[in-house]
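Residue numbers start from 1 in every chain, and the chains themselves are labelled A, B, ... in the order their sequence lines are given, proteins ahead of strands. Nothing here was measured: the structure is a model prediction, and the numbers come from that model.
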There are 2 protein chains.
Amino acid sequence: MARNRADILQRQLQGPQAPATATQLTRQTTSAHAVRQLPRFDVTLMEHFLDNLLPFKAEVYELFRQHPELLVAEEEGLSKEEHRELVRRSLRAILAAGYSPMSFFARDHAKYFYLAELLSLVDLSLTVKLGVQYSLWGGSVINLGTERHRKKYFDDIDRFRLPGCFAMTELKHGSNVAGLQTEAILDVHTDEWIVNTPDDGAIKWWIGNAAEDGRMATVFARLKVPAPDGSGALDDHGVHAFIVPLRDDAGGLWPGVEIHDCGYKVGLNGIDNGAIRFSSVRVPRDNLLDRFATVDRSGRYSSPMTSATKRFAATLGELTGGRVGLTCASVGVLKGSLMIAIRYGAQRQQFGPPDAPEIAVLDYPSQQQKLMPMLATCYALNFTKSKLVEKYCEMKRTKDEALVADVHSLSAGLKAYTTSYTNTAIGICRECCGGHGYAAVNRLGALRSDHDIFQTFEGDNTVLLQQVAALLLKEYRDSFRGSPLAATWSYLKIWAQDSLPANPLVTHETDVTHLRDPAFLLRALRYRSARLLHTLATRLRKHSRRSGEFAAWNKCLLHVLALSRAHIESVMLVEMLAAVDACVDPDCRRSLKALADLFALDRIYNDIIFRNDDYIAPEKAKAIYRLIGSLCGELRGVAVPLVDAFAIPDHILRAPIGLSTAGVDPYSEYLAAAGFDA
Amino acid sequence: MARNRADILQRQLQGPQAPATATQLTRQTTSAHAVRQLPRFDVTLMEHFLDNLLPFKAEVYELFRQHPELLVAEEEGLSKEEHRELVRRSLRAILAAGYSPMSFFARDHAKYFYLAELLSLVDLSLTVKLGVQYSLWGGSVINLGTERHRKKYFDDIDRFRLPGCFAMTELKHGSNVAGLQTEAILDVHTDEWIVNTPDDGAIKWWIGNAAEDGRMATVFARLKVPAPDGSGALDDHGVHAFIVPLRDDAGGLWPGVEIHDCGYKVGLNGIDNGAIRFSSVRVPRDNLLDRFATVDRSGRYSSPMTSATKRFAATLGELTGGRVGLTCASVGVLKGSLMIAIRYGAQRQQFGPPDAPEIAVLDYPSQQQKLMPMLATCYALNFTKSKLVEKYCEMKRTKDEALVADVHSLSAGLKAYTTSYTNTAIGICRECCGGHGYAAVNRLGALRSDHDIFQTFEGDNTVLLQQVAALLLKEYRDSFRGSPLAATWSYLKIWAQDSLPANPLVTHETDVTHLRDPAFLLRALRYRSARLLHTLATRLRKHSRRSGEFAAWNKCLLHVLALSRAHIESVMLVEMLAAVDACVDPDCRRSLKALADLFALDRIYNDIIFRNDDYIAPEKAKAIYRLIGSLCGELRGVAVPLVDAFAIPDHILRAPIGLSTAGVDPYSEYLAAAGFDA
């Protein structure tokens, strides 16, 4: 394994050579706007700056180098059954190598999330399989259950001897979890829950691991116990989690359980999603996952939580880990997609000046302005997800309440922002690779199809963003009552109280030094969040009086979403600028600074709020537009080393048009893949 | 067939019922901003207003009702070979029903393009198969060849007895067609062309029909003849088209021809794309498609065109039809996607006011502002593509030169605009359908994957948009020399000469009557194109002097692209407003007017140029924002009839969540598809 890491390092130290024509356009250009050069940096340094678990990465990727048969992917035209079998084999290989994903999830959080990112470019179905088994099924058992559940199931879940499901979503209820209709009614005579699907709308739907593998499931159902008055009526205590068997040891369906395969999906066909109908399935009372509520032998319900709302929030709060994992995997997909598109763009040549060689497509500003802001965003997302992982670990260690709220909000917002962003980015990368991007072997299609649902599962993005805004509003209101604010949004306190328009002189300032001043950039993005928060609070107050809270919220819904996105972007800029500060290598640092500036300026230019508020005067907007263009040009010069620093080895990236074949004809792998002799 | 049409009409006359909760949010809202209602219109009237070939549509779709076995789609997990066989069977069924696609393409253009739209929702691979065989292979023979080629091949191509290819793209050359490297060298001794692939970069790539079916191909290659000076050197006359055999009657490869399957693609796996290498393949001199250039027995080259550039432009100009077809098919896909997402959104309920039933997700402004502008754009595109088809037919009839340029520009621009738009729209529709949108059976995934490459093939969108801008600039420059302007852009003459900022009072006018005044809307969009054109011409002049034309063009590339998009949008608005004027039914007309206004206002609000130029004052921008919100709310009330008017029958649309099951439980088809008993 050491030799392998050495190989990787050596390759990256050499770095790919800039293609001969990379600066052709620049040389052509003799104008005053000629593109300045960013210094070439040491890719290995950048790689270590981005990743602090590189030895673990090398180990995991080495495992797949030794098992190339596991790297067959969607492009081979696998049936869903074949793909599922492949994913099972991959998971078993990870277990056989001695890893304990359940322990990672329960204790070594950073490694768990890193694994989610690493596997995203092996096969996104494998990442999701891992998420279903360990984060959802295992996570619900250990986080919603108590010690006896943990003891009973931990090892079997870890070793995949007990594949399980997380049966929350129903046919008619996804986002509105409180509206789930499946019921678990206590039979006090037999001391059992009777789990039942009252109508077809309550059939559990999209349940991963259900169609083939699942032996048990954490089923979310309305907990109903006989009313204490003895009337025979049932008290509905709302949605709780229960462990329910699905199949016996021989793999046969459990009595009362009906399961159908959800069939082919847009992607992730390596996951066996199923639909489950329960007909009076009996399970012991102990199968209630009872960390937040218990029912005793007599059927009496009790909870340590002061209210049903709080209890429900605590239950859902334990799902935060899943969203952190999805964010990490989505960042991994974004990295891979950009690696393919940028390396391809640097070597693909098309058109050129009269009587001169063709130039690389990445030399065209149209390609640069598609790809460079995405590269900047990818770096910003990388640092922000690292921060989220760090906070998550700290939260698990300290159980600090303010941190719990902060992590909840940041994980919701970052999951929504990242997955929406990556989804769009993959499509743009495909288009940037032209026809060759459409070859399945070059992976962009499968990455998009597999990743697409990341926008929906574990919280629909539109719903998650609303949670972020709701928390911001709560903090905003609390701030008037003097309560402490969570670190992520503490700046809002300062700004929101008097969300003044900027200094009128600054509004017109167009000097590049000013435009690239971190203070200006951060101030602008913070101004935006604070302004949106302040005006939202005002509008909500006004509309609520007239139409009630529900209608008022919906009336302001676009405002709500704009606020959440703005907030996430300001957090991202903070993390990106912190990374610039933390980087000691001057060459790496200059590239990072250019990425940070491009990230922020792109947002400022493209959000009309700055113009509508006259925060940015027209001539300043035009100066920003020009600066964005020149930053894209500068970054183009280091774009290849910037993606090389993502350190995804060729045998994992696989796309023939995206390999790091420095000095080799970049089309040779592709020709070979199509069956032509070299 | 008559009964079937009657059924369709009857169903549409009844119209789907508005879901019970459709106006719940409205009723909740008692504020002054309460959503106004658009009148319910007669769906049949709208349907006839949108489509003037409805009987043909009914016939074609009836054919597929009688052959349900042809409506198996990607979701069934077909291998590429199975999918290709399905497409062949579908094509043969169309031929067996008595249609002559080659005649449609050659003479009954409107029907050909309409067929492309209709089949897009049967299977996009079938649309593309049709395009490869008739528009590309057949079209190149009849449009680039002369009478003897037409006579020899027309019937065999029409009946699919002679499947053929259009072998233009090479591994290393796509957009830059003039840079193709394949060569055809005349051997004067044998009176034959020797067709050769000089190096691997010149291997023909992505050639549809090549991997399995193709018997012949139109091969684009550099025409080389011995120099007249007898030196033995070769004169290279640039890229010409030649008919080259690929396989013999028994299906065996022709000597010197090597073909490999391009393998799985992101989508369109029903098309057998192949890569072809030629090793000195000999074909008769007559196989040069010689409409624009001939070579005589002695090897002398001659062309009726005055320059090589003009000849090449004429050759490529004959490909316009392909782009019209793609535009129509893309509009078809957009219609189908919106039907699925809007019908689903109208019946899917999630969350609601406290102690009240849940409301339809389409009642949330977040959904409305995603879907309603797309619906408005879809209508605008529908009318604009109809106009393009009309112009194309007129061009073919009159051969009018100004019309040729107009159709070339509009087809390039509209193909680029439509396919980019539809690509993004499908993704948004998928997300709007949540998890159920991810089921393959609901089709949005396959539609996106299949459609994706429409952005690239038959002209990369970024390249096509540049052609539009180049033509606009040419016309702009010509306008100063008094030459006539083509109809589509004649307004630019008036505006560009003095692209004045608007009246300062109008800049601040926020009255709804003004904001919905067609004169204001059209003026704004035309102002934008004219302004972009004028400033682009100025910038290009400045940069060209300094850096040469190639570098100047690239420096202004984003400006170029913005101009082309702006131009297309102003053309779309003209067509949309013309449709409003032409609509005699007052109820239909009110919906159309709301769609037109939303289309235009959405563009005006979202383009920062209006703010940067102070064409729109901040308070006016805010008024437009509010008006967009209320137009979305109004259109939501008629959104279902507006998609019903697309008149795509259930057996063609197929997506269970998108069917017109008025009064039936909308989930029942979906449950049945998953295997649950009704």
Side-chain angles (χ1 to χ4, degrees), chain A residues 25 28-31 75 77 79-80 169 171 174-176 179 200 206 260 262-266 275 350-351 353 358 364-366 369 423 430-431 434-435 438-441 445 449 452-453 455-456 460 462 546-548 550-551 554 557-558 561 608 611-612 614 618 621-622 667 671 674-676, chain B residues 25 28-31 75 77 79-80 169 171 174-176 179 200 206 260 262-266 275 350-351 353 358 364-366 369 430-431 434-435 438-441 445 449 452-453 455-456 460 462 543 546-548 550-551 554 557-558 561 608 611-612 614 618 621-622 667 671 674-676:
Chain A
L25 187 63
Q28 279 275 324
T29 308
T30 55
S31 85
E75 54 266 28
S79 71
K80 64 182 174 7
T169 299
L171 176 61
S175 296
N176 187 8
D200 285 352
W206 291 130
H260 292 278
C262 288
Y264 279 93
K265 301 183 293 291
V266 172
Q350 206 76 183
F351 296 110
E358 293 183 296
Y364 291 101
S366 50
Q369 295 225 8
N423 180 65
R430 199 300 292 158
E431 205 194 346
Y438 200 62
V441 74
S449 293
D452 185 358
I453 197 64
Q455 299 175 99
T456 301
D460 173 271
T462 305
R546 283 200 207 136
S547 338
F550 181 76
N554 286 328
L557 203 45
L558 298 183
L561 300 175
I608 206 159
R611 294 287 302 108
N612 282 348
D614 269 332
K622 288 172 193 167
Y667 290 101
L671 280 159
F676 286 93
Chain B
L25 187 62
Q28 279 274 327
T29 309
T30 55
S31 85
E75 53 266 28
S79 71
K80 64 182 172 13
T169 300
L171 176 61
S175 296
N176 187 8
D200 285 353
W206 291 130
H260 292 277
C262 288
Y264 279 93
K265 301 181 294 291
V266 171
Q350 207 77 182
F351 297 109
E358 293 184 295
Y364 291 100
S366 49
Q369 294 225 10
R430 199 302 291 160
E431 206 194 344
Y438 200 61
V441 74
S449 293
D452 184 358
I453 198 64
Q455 300 175 100
T456 302
D460 173 88
T462 305
H543 289 304
R546 283 199 210 137
S547 339
F550 181 76
N554 287 327
L557 204 45
L558 298 183
L561 301 176
I608 205 159
R611 294 286 302 107
N612 281 347
D614 269 332
K622 288 171 193 168
Y667 290 101
L671 279 159
F676 286 93

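Among the candidates B:Ser79, B:Cys262, B:Ala621, B:Gly174, the residue making the largest number of heavy-atom pairs closer than 4.5 Å to chain A is B:Gly174. Between chain B and the options A:Gly434, A:Ser366, A:Ser449, the largest number of non-hydrogen pairs under 4.5 Å is found for A:Ser366. No other option in B:Gly548, B:Gly179, B:Ala674 has as many heavy-atom pairs under 4.5 Å with chain A as B:Ala674. By number of non-hydrogen pairs under 4.5 angstrom with chain A, the leading residue of B:Lys622, B:Lys265, B:Gln350, B:Lys80 is B:Gln350. Among B:Leu557, B:Thr169, B:Leu561, B:Thr462, the residue making the largest number of heavy-atom pairs under 4.5 Å with chain A is B:Leu557. Ranked by heavy-atom pairs under 4.5 Å with chain A, the first of B:Leu558, B:Val266, B:Asp614, B:Ile608 is B:Val266. Contact count versus chain B (heavy atoms, under 4.5 Å) is highest, among A:Gly445, A:Pro618, A:Ser175, for A:Ser175.
Rounding to the nearest 0.5 Å places CG of B:Asn176 at 4.5 Å from CZ of A:Phe351.
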A:Tyr667 vs B:Leu171, side-chain contact (heavy atoms from CB on, under 4.5 Å): CA-CA, chis, key distance, verdict
CA-CA 8 Å; A:Tyr667 290 101; B:Leu171 176 61; 3.8 Å; yes

Report the C-alpha distance between A:Tyr438 and B:Asp452 in whole Å, list the side-chain angles of each, state the deciding distance to 0.1 Å, and finish with yes or no for side-chain contact (heavy atoms from CB on, under 4.5 Å).
CA-CA 8 Å; A:Tyr438 200 62; B:Asp452 184 358; 4.0 Å; yes

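A donor-acceptor pair is defined here as one N or O able to donate and one able to accept, closer than 3.5 Å; no such pair exists between the side chain of B:Gln455 and the backbone of A:Glu431.
By the side chain to side chain donor-acceptor pair (under 3.5 Å) test, B:Asp460 is found to be paired with no residue, residues two or more places apart in sequence or in another chain being considered.
Only the side chain of B:Arg430 comes within contact range of chain A, with at least one heavy atom under 4.5 Å from a heavy atom of that chain.
For the pair A:Trp206 and B:Gly435, the tightest heavy-atom approach, listed with the atom from each and the gap, is CZ2-O, 3.1 Å.
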